[in-house]
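This is a predicted model, so every value here is computed, not measured. When reading the values below, keep in mind they use all heavy atoms of this one structure, side chains included, and skip hydrogens, waters and symmetry mates. Letters A, B, ... mirror the listed sequences (proteins, then strands); counts begin at 1.
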Protein chains: 2
Amino acid sequence: MNDDAPDDDPRRNAILTAAAELFIENGFANTSIDAIIERVGGSKRTIYALFGNKTGLFEAIMRAHATRLFDESGGFDAKDLPLPERLERFATKLLRLIAQPRTIGIYRLVASEAGRFPELGRLFRDLGPRQGRVWLAQVIAQAAQAGEIKAADPDAAARQFLGLLRSDLLFDLMLGLRATPDDDEIADIAHAATTVFLHGVSVD
Amino acid sequence: MNDDAPDDDPRRNAILTAAAELFIENGFANTSIDAIIERVGGSKRTIYALFGNKTGLFEAIMRAHATRLFDESGGFDAKDLPLPERLERFATKLLRLIAQPRTIGIYRLVASEAGRFPELGRLFRDLGPRQGRVWLAQVIAQAAQAGEIKAADPDAAARQFLGLLRSDLLFDLMLGLRATPDDDEIADIAHAATTVFLHGVSVD
DNA sequence: GCGATATGGTAACATATATTACCAAGTCAA
DNA sequence: TTGACTTGGTAATATATGTTACCATATCGC
């Protein structure tokens, strides 16, 4: 009933945090309310009072994490830097965010539950990756207009750069095939992707 | 007990097909043995006789689909063609395979169940994408040695090309954000990726 | 034709778990 | 202090479902 400041409710936050860890680790179906209570303490009654039911809790968690990704992915801009450094800095920041185990777990959850929660996919596209994509497309469009690069379709070029960035990293992480890269490796991938991309769209 | 030709057992194949559809559509936890039997007919007893238990059935399905992906992703070679056409043909074939709803569903399953089935990820990496990656790396290495392109690390370049190819397509599909692309769009993506990649690794 | 085996059909069993109920203890305003 | 409200703790309820059992029937080798 208290809609004023749900973010300041410590009980609610503790439940969200513990439940998020379990959902991310074990998935929706394999996380029981009992397990959540066992980790956070207290009574099941509180969960049902705050979130209604299990799917309500899940949706609240997803919403919280979507806005978190949105906040952390913001602030890419560094207008004073030349294009290569600007792109590489963006690439590094984005990779660092994406490669986090928590982010990987969220993506796994969204992928596996998107069928049962149709709004989930849209929520994450609009709040998460879309921001980066839009920002990137703008930067590319400006650079193209300034004659720095050649990009007939800035949006498609932005998608290509993002794909180039992720290369196989995201898939290997999602499939549990490799460990989280350290900062050095992230820097290498970001540098290599920026180099190939800029060379690929250069004006001969 | 009959290990000779399990592929020729029509009962077994019918169960595998029906169960695969349900697993892909609803996930592992949300697919019940009863639902499988309701679709394929017959008795649960048969499932337990053939596969032991639910996880045995799941693993058999995953193994079957992994080998299927392996078979269908093979045969990329077209040695007589020049490099751009060769890469573009590879890209088209791979995208067509990857974008299939069935393949997308399999990836979703692997991503969400990799935690509980540690061999799953490895199985798909070794049988599926790795083949394409290895083939691609070889082609790139040969082209680099012939001076056609510049690629200090053919394996990394292959990963980049794959990432460029998928761009955001695979993610949007996995998150249920868009429909399966038709052949025209696949051809466009394959062409654009090949163009940017070859330009990006060109010898100035 | 006959017996072993596989399969269909149904029910039983055990367990997990989402959800609700109930009561005691604590909290906080007036 | 008092009383409304929230929370903790435990148990009860309902249901879903993996797994096994049982029996009748069909299939297939001999």
Exercise. Shortest non-hydrogen contact from B:Arg86 to B:Leu81?
Worked result: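 Nearest pair, atom of B:Arg86 first, then B:Leu81: CD-O, 4.1 Å.
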
Quickly work out the [X] [atom1] to [N] [atom2] distance and round it to whole Å.
X: A:Asn53; N: C:dT20; atom1: CG; atom2: P; value: 8 Å
X: A:Arg116; N: C:dA18; atom1: CZ; atom2: P; value: 14 Å
X: A:Ile33; N: D:dG9; atom1: CD1; atom2: P; value: 17 Å
X: A:Asp34; N: D:dA11; atom1: CG; atom2: C1'; value: 12 Å
X: B:Ile36; N: D:dT19; atom1: CD1; atom2: P; value: 11 Å
X: A:Phe51; N: C:dA18; atom1: CZ; atom2: C1'; value: 16 Å
X: B:Asn26; N: D:dA16; atom1: CG; atom2: P; value: 16 Å
X: B:Tyr48; N: C:dA14; atom1: OH; atom2: C1'; value: 13 Å

Exercise. Are A:Asp34 and A:Ser32 close enough, and set up right, to give a side chain to side chain donor-acceptor pair (under 3.5 Å), and what steps lead you there?
Worked result: CA-CA 5 Å; A:Asp34 284 325; A:Ser32 69; 5.1 Å; no

Exercise. Between D:dT20, C:dG8, C:dT19, which nucleotide gets closest to the side-chain atoms of A:Lys54?
Worked result: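 Output: C:dT19.
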
Exercise. Among the nucleotides D:dT19, C:dT17, D:dT17, which one has an atom lying closest to any side-chain atom of A:Ser32?
Worked result: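 So the nucleotide nearest the side chain must be C:dT17.
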
Exercise. What orientation do A:His199 and B:His199 show, parallel under 30°, tilted 30 to 60°, or perpendicular over 60°?
Worked result: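 Rings of A:His199 and B:His199: parallel, as their planes differ by under 30°.
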
Problem set entry | Under 3.5 Å: donor-acceptor pair, side chain of A:Arg108, backbone of A:Met174 |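 Present.
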
Exercise. Any donor-acceptor pair under 3.5 Å between the side chain of B:Lys44 and the base of D:dT20?
Worked result: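 Result: no qualifying N/O pair found.
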
Problem set entry | Side-chain N,O (B:Thr46) to OP1/OP2 (C:dG8) below 4.0 Å |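 The answer is yes; a side-chain N or O of B:Thr46 sits under 4.0 Å from OP1 or OP2.
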
Problem set entry | Residue-phosphate contact under 4.0 Å: B:Arg45 side-chain N/O, D:dC22 OP1/OP2 |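 No, because none of the side-chain N or O atoms of B:Arg45 sits under 4.0 Å from OP1 or OP2 of D:dC22.
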
For this session: Classify the nucleic acid contact of B:Thr55 as base, sugar-phosphate or nothing, counting any heavy atom under 4.0 Å across all strands shown.
Result: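 B:Thr55: no heavy atom of the nucleic acid under 4.0 Å.
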
For this session: Answer yes or no for A:Arg116 and A:Phe58: cation-pi contact, defined as NZ/CZ to six-membered ring centre under 6.0 Å and angle to ring axis within 45°.
Result: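 Verdict for A:Phe58: no cation-pi partner in A:Arg116.
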
Exercise. Considering heavy-atom distances to DNA chain C, does A:Ser43 or A:Ala29 have its closest nucleotide positioned more toward the 5' end?
Worked result: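 It is A:Ala29, whose closest nucleotide lies nearer the 5' terminus.
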
